[in-house]
Each structure stands twice: as structure tokens, then as C-alpha cells.
Number of protein chains: 2
Amino acid sequence: MAKEKKMVEAITSMEEDFAQWYTDVVKKAELCDYASVKGCMVIKPDGYALWENIQNELDKRFKETGVKNVYMPLFIPESLLQKEKDHVEGFAPEVAWVTHGGLEPLQERLCVRPTSETLFCDFYAGDIHSYRDLPKVYNQWCSVVRWEKTTRPFLRSREFLWQEGHTAHATAEEAEERTIQMLNLYADFCEDFLAIPVVRGQKTDKEKFAGAEATYTIEALMHDGKALQSGTSHNFGDGFAKAFGIQYSDKDNQLKYVHQTSWGMTTRMIGAIIMVHGDNEGLVLPPKVAPTQVVIVPIRQNLEGVMEKTLEVKDMLSNFRVKVDDSDKSPGWKFSESEMRGIPVRVELGPKDIEAGQAVLVRRDTHEKITVAIDEIPAKVGELLETIQHDMFERAKAHRDAHTYDAHSLEEMKDIADNKPGFIRAMWCGCQECEDKLKEEVGVTSRCMPFKQEKLADTCVYCGKPATKMVYWGKAY
Amino acid sequence: MAKEKKMVEAITSMEEDFAQWYTDVVKKAELCDYASVKGCMVIKPDGYALWENIQNELDKRFKETGVKNVYMPLFIPESLLQKEKDHVEGFAPEVAWVTHGGLEPLQERLCVRPTSETLFCDFYAGDIHSYRDLPKVYNQWCSVVRWEKTTRPFLRSREFLWQEGHTAHATAEEAEERTIQMLNLYADFCEDFLAIPVVRGQKTDKEKFAGAEATYTIEALMHDGKALQSGTSHNFGDGFAKAFGIQYSDKDNQLKYVHQTSWGMTTRMIGAIIMVHGDNEGLVLPPKVAPTQVVIVPIRQNLEGVMEKTLEVKDMLSNFRVKVDDSDKSPGWKFSESEMRGIPVRVELGPKDIEAGQAVLVRRDTHEKITVAIDEIPAKVGELLETIQHDMFERAKAHRDAHTYDAHSLEEMKDIADNKPGFIRAMWCGCQECEDKLKEEVGVTSRCMPFKQEKLADTCVYCGKPATKMVYWGKAY
Ligand SMILES: [Zn+2]
Ligand SMILES: [Zn+2]
């Protein structure tokens, strides 16, 4: 029995130490490992399978809106990175530099892309001539490098995987429309596919992307009450176009600058899945993104007829992503392993069940056990997966809502920040000084100015001047 | 009429200058562009869509054999690259070095991966303990960097996209089996999916991969008679395992070294598709890999009923990857553009056709025109795509066979090499000196020792000593 429980016993409980719990789950569920390069990850098969599912679903949704995939180089010449002033200031301190190719020093050093605005701009400058060439709605799937000082698996690493969309449009309106469209696509994806509720809104000027006119964001709340920025969409206006000379001749033969956007989502969403849905038994995966949706565990598998029936049930479940655990471990071990890995539904099938023409289904999210006739397994599994996906979203939303607090005064805000981990909603005058002070004195940053505004008060929670926006504040990953 | 022909007129003919023809096709078919980093590519939407189709099909075939995808870091510490002597000698002269992270110099420089044997070995050394952990059959899709001096789009660039499989096995037999299995998978993929016939065989010691015990290869013949190495599969034996200390305890509790393999295929296959199938009108795509399989060109599209019928036909073809060209260009321009892009089947649909209840189908590969009743278009298109795929393979094979020559003497070999571009089959004693001399005096390299051996003579074509192998020789990309 001690041996059977090993997988579970080894993980720290969330309540005791959330950060350690996170690290334990990442390791025990075999999602990723540290590499010999500090701050870089080895994404293992179960972690990568999650990324593949995210990638396939997002890519399908992108293409439905007219996105085309391309591939830009890994390297950016230093002079190219420097073309847009705000952008280079934002990124130069954290890029990795290539100085030698083969045995020789390079004439100009190259940075390993931290993001590819400058490469897309350089390309668009040569590729866009006429209004007929617009819009360009390109995306790439790749890895990027940012030389972070402190790193955590999936959440902050020196190299991570992502997609970055980069578009060019004839008008400012069209660019703004695409920026919002992609933000909503990310939000719907998170809510429908990952069962993660998000707040949609705009970043303050302080928090926006280096070089952007406006940055939109979706913010999710983790189980420990910290926020995670989960996807961003930027409207660049014509700033990059002017820096890179990206012009097109309009229908009336006037030379005009294009308007640009970019938007990205990364492997940190795997961190979000872990921290929104996980529990003290390990990972809990939403059925839509789960690489394995159903695991069948035969009990006393060496008895005649058990494996035969197990494989029969597996065939009946061919519409789902199904696996049989016929390893030589004990059923108890297999149960706790399937829980650690977060597989949404477990089918337990032993000789007595078979004799009675039934099986036991176990929900990962609630541990609820349901006995069903073997014939009814496929219908019941389909129904359960839908219910689990739905319930996981509702539970995460209820948790988020229960951990979202309104602060009407600075004292109240400090009290919430110190004692109630979660989102804090409070009014703001729009001035960066107040934002800086709130970070200093309360320890929170502005997460976003939500699209859905409410007027909680007339004045800024910090300075008392007239408020212009309700803002979500919080501590963030 | 001059304007209509523009796209085609701009390309050099293959007979006049094959290298220029290739560059023209790459550019005119909008597959890729040079980037501002010398020797790096921007892969444009039509080029990337080819890679996505290659990737999806290969990935599906990999997974059917039990391959799991992972992701390893982009960087390799210098000390790690140096662990296997032959390997570092092979790659060190052509890697790019990162020396600075952010504003600070690194303590140890990192190379941008040229291939990831060392990273997988480092990972396996920590991850493999027991025979229960074997085999490991991992793969990753990524980009790699090799600091080449002369570059050509898709064929040789400083950064390219590929997949690299890396496996670890308990026994030498199992490793050899996997090496051959993957080579055959590549060969079948090339022949079935890309309609490119290949010769399967083994590389000589001189041409094998840095650190491998044996390298297997598939070699294809381009239209100009030059060879292209199209996929390789390496058996490392236990050489890397010994250098990296990758051991497992066997069932009898003995500590043993694992046996490893690696295998890869790259974006250079897009170059192969161009050079095997293309003609003087541009790209010719095998239907299975073509991003667009059918283009419908409405004639006099502004006349009442034409666009309506066009969209009706498009709906009828929803089982295929189909596009309508309703741009404001002339039909002549659209025809030549669809040919430049290599779309396998064109449907021409004008008012007279519609009145007669028919349409004209045009094969890209043969230019053959077929008039069919509108109702029969889907069936006929399906049949045509299959026929085209089949015929393209047969034509490429006939071309390859017609350009494969047997040389029984050094004089004959020189004469063929000088006057008949293609593969040269000749006997070899197995000694590297003869191989070196043949390169020097005849200008050919050994492409492979084919699995299907024939005894063309008893003696080596160069030194006259007893022959051990029949070898394919040639000039290669
Ligand atoms: Zn204020
Ligand atoms: Zn010889």
C-alpha cells in the first residue's frame, strides 16, 4: 500500500507551498525537465502533446480568419533591431547575442529573436507595394529567447515556444479590428478549449508592449490568487511602418503607411492549465486539450478474459483518445498515476465487473465513481467528458469570481492585497505616478483596464482625483 | 497578350540555365525570399504550406511507429558539444556561437544547435535507468543552424527547418532495426507522397555522419542529373552512450550501455520537389503535397450566372483542397499563374461551357485538356489527381533510370561524368583512397552503396583490386 501511494505522497500540497506543488506536478506528471543550459527547458512527451493540441486548435482557429503561416529567420542583425526606438529599448537588455559564425567573428552581431516585429517589418517593406498586397495576415510558430534572470518551467524560461502573428493593413480601423479580433479569439480559445475564464481588457501605457500604441490582454487567475497574462494583441498604428518605411500606393495612387498588429500565445499556457485546474493529486486536464482522455485500467489483468474485455472496451472507445494501462504495476499505482497525469476519465474493469456486465467510471475532477453497463460506456464517456469540460470551466470561474475583490479606498486595497490573494478591482485616474505608487505601497501591478467597465467610485483609489478607468490589479506571474 | 504571358516569360528555361531556372521558380512561385541575414530564408505562405503538408504526413507516419515528440533547447554549451570527439570535429567549424546574454558575457559560450545528438544524450543520461525505460523513440520539429559559406534557397541555408529523431535501445539489433525502419519510412514517404523515386543504401565511411557507426541514405536524382541526399538515418552503436554515460540496468541487473540512432528530413525536400517535377512553366506539384489541388478559373466572370456556377462547382469539390481565382486579372494571366504555382488541376468555366453544361479540366503535368459534364467534375477530378500522382512518379522514375549509367572502366566513368549528367553505377574496392581519387579525377562523390547490389564487374573501377560493393556515384547538391 505504501508503494502504491508513492506517486501521490511525493508531492507537496498546494496549501502548504504552492510554488513547490507546481514544481512537483511539472516533474511528477513528466511535463518538462531542466536542461544543462540554465533556464532552458526540455519539454517531455506529455508536455509537448499538450502543446501540440493547443497548437492544432489555435492554428485551425487562426486559419478560419484568413491567417497564413510563414517562417522568418532566427537571427536579427543588431542594426535591424535598433530601427524602432521603443522596441529596442524594451528588448535589448534581455537578448542573446551571436558574435561568431564558424571560426570567424561576425562583422555585425546578431541577436537570437526575442520576438520578430523587426524581421516582419523588414520583409513587409520589400513585399508590400500596392493596396492589392494588403492585408498581410501572417503568423509563425517558433521558439524565442529572452535572457531572463529567474526562471520557472513553462512560466518564465530563457527559451519558450509560441506563435507570433504579424499583420499589415491599409487603414487604422482595420488594424484595430484585427487586434481586437485576435484578442477575442484567444479569450474564446482559453474559455472553450482550456476551460480557463479570462478577463479581456487593455494594458495601461506602463504595461504595454515595447513599440505598441495599444496592447490588449487576457488575464487569468491562478488557484493561488496570482494573475497570469495569457495572451496579448498589440496595435502598432503606423509607428513601425514609419521606422521601416513600409508604404503602399492606394487606389488613388497616394503613397501611405501601413498599420500593423502583432499577437502571441506561448507555452506558458501549459503553466496556466496546471495552476488553474490542478489539485493535490496532480494535474487535472480539461478533456478537450487532454492528450489521453480515457485510461482503461484492467484489474487482475492476468485472469482469463480480463484483457480480452479490456481491449474490447478500448475498441468501443475509438472515438476518444484512449489508452490501456496494462503495465505490471498494481491497480492502486495505476490509479494514482492516472490522477497525477490528469486523465479526465478512468475506466476500471475487473473480473467481477465483467461478470456483472459493467464497469466503473471515475471522474478525475471530482473523483466521482459511476457504475455503468459495458454497452453504455461509449455514450456515458462522451457525456462525462462534456460535463467535465463544462464543470471545470464553471469551477474555475466561481473560484475567480470568489477571489475578485473591489477596493474603494487605499486602506481597503492594502488589506485585500495583504490578506486575500486575487484580483482587486479599483478606480484609477489614468496617471502613471499612481500606478507606480500602488506597486510600491500595495505590491500590485495593473493587469488590465477591462472592456467591461463598472464605476465603483468617482475618484482614483490612490490620489483621489477624478477616475477615468476601473482597473484589475494583482500580483502576477 | 504580352501582359498575360508575363509570369512565364520572366523565367529562364531549364535547358538554358538550370540554376537560374530554379531561382526563378522559387521566386515567381513565391515560395521563399532572402532575409536581411545573409544565407537565411523567409519562407513565404506557399512555401510554408508545402512544409506543413510534409510535416503533417511525416508526423502521422512517425507516430504510427511509436514516435513521441519532444522539444530540446536551442543552445548547446561548448563543453557538451565536445563530449563526442568525431561529432565535435564534424560540426564545430560550422556553428554559430552565442557569447553574450543580455548585457553580460556568458561564462561558457553556447552554440546554436546544428543538430541535437548531444542534447538528447545529456537528457537520456539522466532519464534512462532501467530496461523498463527503453526504448526511447523521441523526435523534435525545429530549426537548426549551420554556418555555410555558399547558400541556395531550400538546398543549403544557414538556418533550415527539419525534424530530428533520436532513439535509445537496449540492444544493437533493435537500434539497427529502427535505423532501417526509419530509412524505409522516408523512402516510402518520398515515393508515395512526393512522387520522388529514391535509391536506398548505405553511405561509405567517408560520407557518413560525424559520430555514426553507419549512415543510411535515400538519394534522389534531380532533373539536371545531379543527386540530392533526401533523408538520412544513423546508427550510433554505443559510441555516444559511452561518451555520455547512458547506461541502464538490464533484467539481470547488469549495467549496460544503450544503443542509439538518429534520423532527419529537412526543408530541402521542397527543393527536391521543384527540381524533380518542375518544368519551364514553373512548379509542378504532386497532388498529395499540393496546398491547392484544384483551381477554378471563371471566364468572363462578370457575366450573369458565371460566378454562381463557379461557386456551385467549388462546393461540389469540397473533398479536395480547392480555390477559386476571381481576381480582376485576365484568364490568360490566371492560367499561367496557376501553372507557375504548380496547381495539379485547373477547371476552366465560361458562359459557353455553362450553357453546354460542361467545363474544361486541364492537367498541370501534361497540359492535357478534358471536357467533362459539370455533374461529373468531382469524380473526374478525383480520378485525375490519382492519375497525376501516379504518372508524376513514373515519369520521374523513367527519367532517373534513363540517367543512370554503368561504368566498367575509369575511362568510361570519366566520359559519362563529363557528358551524361546522372547517376553512375560502378564497382569499388572499399578503400577511401579510390573514393578520394574518383572525386579528384572524375569529379564525383559516392552517393550510396545501394541495398540492392549488382555485380557489374569483379574489380574496383579505379584501382583494379577485387571489388566489394557496387556504388552509386554522382555530382550532388
Ligand atoms: Zn491617481
Ligand atoms: Zn579501389
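Values in this document were obtained by computation on a predicted structure and should not be read as measured data. Below, read A as the first sequence line, B as the second, and so on, with proteins coming before strands; counting in each chain starts at 1.
- How far OG1 of A:Thr99 is from CG of B:Leu106: 9.0 Å, rounded to the nearest 0.5 Å.
- With chain B as partner, the option from A:Ser143, A:Pro45, A:Ser327 having the largest number of non-hydrogen pairs under 4.5 angstrom is A:Pro45.
- At a 4.5 Å heavy-atom cutoff, the contact between B:Leu74 and chain A is made by backbone and side-chain atoms alike.
- Proximity to chain A (any heavy atom under 4.5 Å) is restricted, for B:Asp122, to the side chain, taken from C-beta onward.
- Each of A:Val95, A:Asp46, A:Asp33, A:Asn69 has some count of heavy-atom pairs under 4.5 Å with chain B, and the biggest count is that of A:Asn69.
- Of the atoms belonging to B:Asp127, it is side-chain heavy atoms, and not backbone ones, that fall under 4.5 Å from chain A.
- Residue B:Tyr138 touches chain A through its side chain alone, counting heavy-atom pairs closer than 4.5 Å.
- Using a 4.5 Å cut-off between heavy atoms, B:Phe75 contacts chain A through both its backbone and its side chain.
- In this structure, chain A has a heavy atom under 4.5 Å from the side chain of B:Asp328, while its backbone stays farther away.
- The pair B:Lys68-A:Glu52 does not meet the salt-bridge criterion, since no charged nitrogen lies less than 4.0 angstrom from a carboxylate oxygen.
- Taking the side chain as every heavy atom from C-beta outward, B:Pro77 and A:Val37 approach each other to under 4.5 Å.
- Looking at B:Asp59, only its side chain comes within 4.5 Å of chain A, counting heavy atoms on both sides.
- Contact check for B:Ile43 versus A:Val70: no side-chain heavy atoms found under the 4.5 Å cut-off.
- Shown here for A:Leu110 and B:Trp147, the closest heavy-atom pair between the two residues is CD1-CH2, 3.7 Å.
- Residue contact with chain A, scored on non-hydrogen atoms closer than 4.5 Å, involves the backbone of B:Glu94 exclusively.
- Proximity to chain A involves both the backbone and the side chain of B:Val42, based on heavy atoms less than 4.5 angstrom apart.
- Within the 4.5 angstrom heavy-atom criterion, only backbone atoms of B:Met41 (N, CA, C, O) approach chain A.
- Once rounded to the nearest 0.5 Å, the distance linking OH of A:Tyr34 with CZ of B:Phe123 reads 14.5 Å.
- In this structure, the portion of B:Arg132 lying under 4.5 Å from any heavy atom of chain A is its side chain and not its backbone.
- Of the inter-residue distances, the one linking B:Lys38 atom NZ with A:Gln107 atom CD reads 11.0 Å to the nearest 0.5 angstrom.
- Of the residues listed (B:Thr118, B:Ile76, B:Leu80), the one engaging A:Ser36 in a side chain to side chain contact (heavy atoms under 4.5 Å, CB included) is B:Leu80, and it is the only one.
- Residues B:Tyr71 and A:Lys44 are not in side-chain contact: their nearest non-hydrogen atoms beyond the backbone lie 4.5 Å or more apart.
- For chain A, no part of B:Lys136 is nearby; none of its heavy atoms comes within less than 4.5 Å.
- Of the listed residues (A:Gly126, A:Ala96, A:Gly47), the one with the most heavy-atom contacts under 4.5 Å to chain B is A:Ala96.
- Shortest non-hydrogen contact noted between A:Leu103 and B:Ala92 is CD2-O, 4.5 Å.
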